[in-house]
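Predicted model only: the values in this text are computed from it and were never measured.
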Amino acid sequence: MNQQSAKESLELARRHLQRVQAAWDEPTDWTDLTLFGFYCLEAAVVAAAEYLGWSIKRSHVAKAEAAERLSSEKGFPEITNLLWELNDARKAIAYGDVPFPNLKAEDVAFQVEKYVEAVEVLIEK
């Protein structure tokens, strides 16, 4: 598998962020908001980790662990719970096997955007 560079992962996060920004307003497109919000955060975490030289496995759990580490060691916004909530929301929409979490669309979009901005500051300083 070809591993993306930090800048390529950040660019992917930016593309996902565009979908998040288009989805959150009324009427909220919860499918796009949760799916692309989740993938955006994961891509942003991967970008930051790659930039810092951290090796992480390509799993949801490993990316959540990296997000925790970025928060505790580098002062990044804490998004671990949001990652799990977005993953549950994605599953609720796609499979219907878990309840949809209590999310506010504007808050989700804001947190996702702020996280991408934090990664941009790190990588593009």
Completion exercise
Rounded to the nearest 0.5 angstrom, the CG-CG distance for Leu41 and Asn87 is 11.5 Å
Handout entry: Leu103-Trp84 co-clustered via ILVMFWY side chain contacts under 4.5 Å
Key = no
Handout entry: Val20 vs Leu33 side-chain heavy atoms within contact, under 4.5 Å
Key = yes
Exercise for the section: Determine whether more than 12 heavy atoms belonging to other residues, nucleotides or ligands lie under 6.0 Å from atom CD of Glu106. Expected result: no
Handout entry: Distance, nearest 0.5 Å, that separates CD of Glu68 from NZ of Lys63
Key = 15.5 Å
Exercise for the section: Name the orientation class of the two ring planes belonging to Tyr39 and His16 (parallel below 30°, tilted from 30 to 60°, perpendicular beyond 60°). Expected result: tilted
Exercise for the section: Would you tell me whether Glu11 and Ser9 have side-chain atoms, one donor and one acceptor, within less than 3.5 Å of each other? Expected result: no
Exercise for the section: Starting at OH of Tyr115, measure out to SG of Cys40 and round the result to the nearest 0.5 Å. Expected result: 10.5 Å
Exercise for the section: Decide whether Trp54 and Leu122 are clustered together by the hydrophobic rule: side chain heavy atoms of Ile, Leu, Val, Met, Phe, Trp, Tyr closer than 4.5 Å, transitively. Expected result: yes
Completion exercise
Heavy-atom closest pair (Ala49 atom, Ile56 atom, distance to 0.1 Å) is CB-CD1, 4.1 Å
Handout entry: Sub-4.5 Å side-chain heavy-atom contact between Glu124 and Leu10
Key = yes
Practice task
Decide side chain to side chain contact (heavy atoms under 4.5 Å, CB included) for Leu70 and Ile79; before the verdict, give the C-alpha distance in whole Å, the side-chain angles of both, and the deciding distance to 0.1 Å.
Solution key: CA-CA 10 Å; Leu70 286 163; Ile79 51 113; over 6 Å; no
Handout entry: Heavy-atom side-chain contact between Phe36 and Thr31 under 4.5 Å
Key = no
Practice task
Taking the six-membered ring for Trp and the single ring otherwise, decide whether the centroids of Phe110 and Trp24 are under 6.0 Å apart.
Solution key: no
Problem - Side-chain heavy-atom pair Tyr51, Val119 within 4.5 angstrom cut-off - result: no
Practice task
Look at Glu85 together with Lys91 and state whether they make a salt bridge at an N to O cut-off of under 4.0 Å.
Solution key: no
Problem - Cationic N near anionic O, under 4.0 Å, Arg58 to Glu50 - result: yes
Handout entry: Side-chain heavy atoms of Val46 within contact of Gln4, under 4.5 Å
Key = no
Completion exercise
Of all heavy-atom pairs linking Phe100 and Thr34, the shortest is CZ-CG2, 4.0 Å
Exercise for the section: Can you establish whether the number of heavy atoms outside Asp97 located under 6.0 Å from its atom CG is more than 12? Expected result: yes
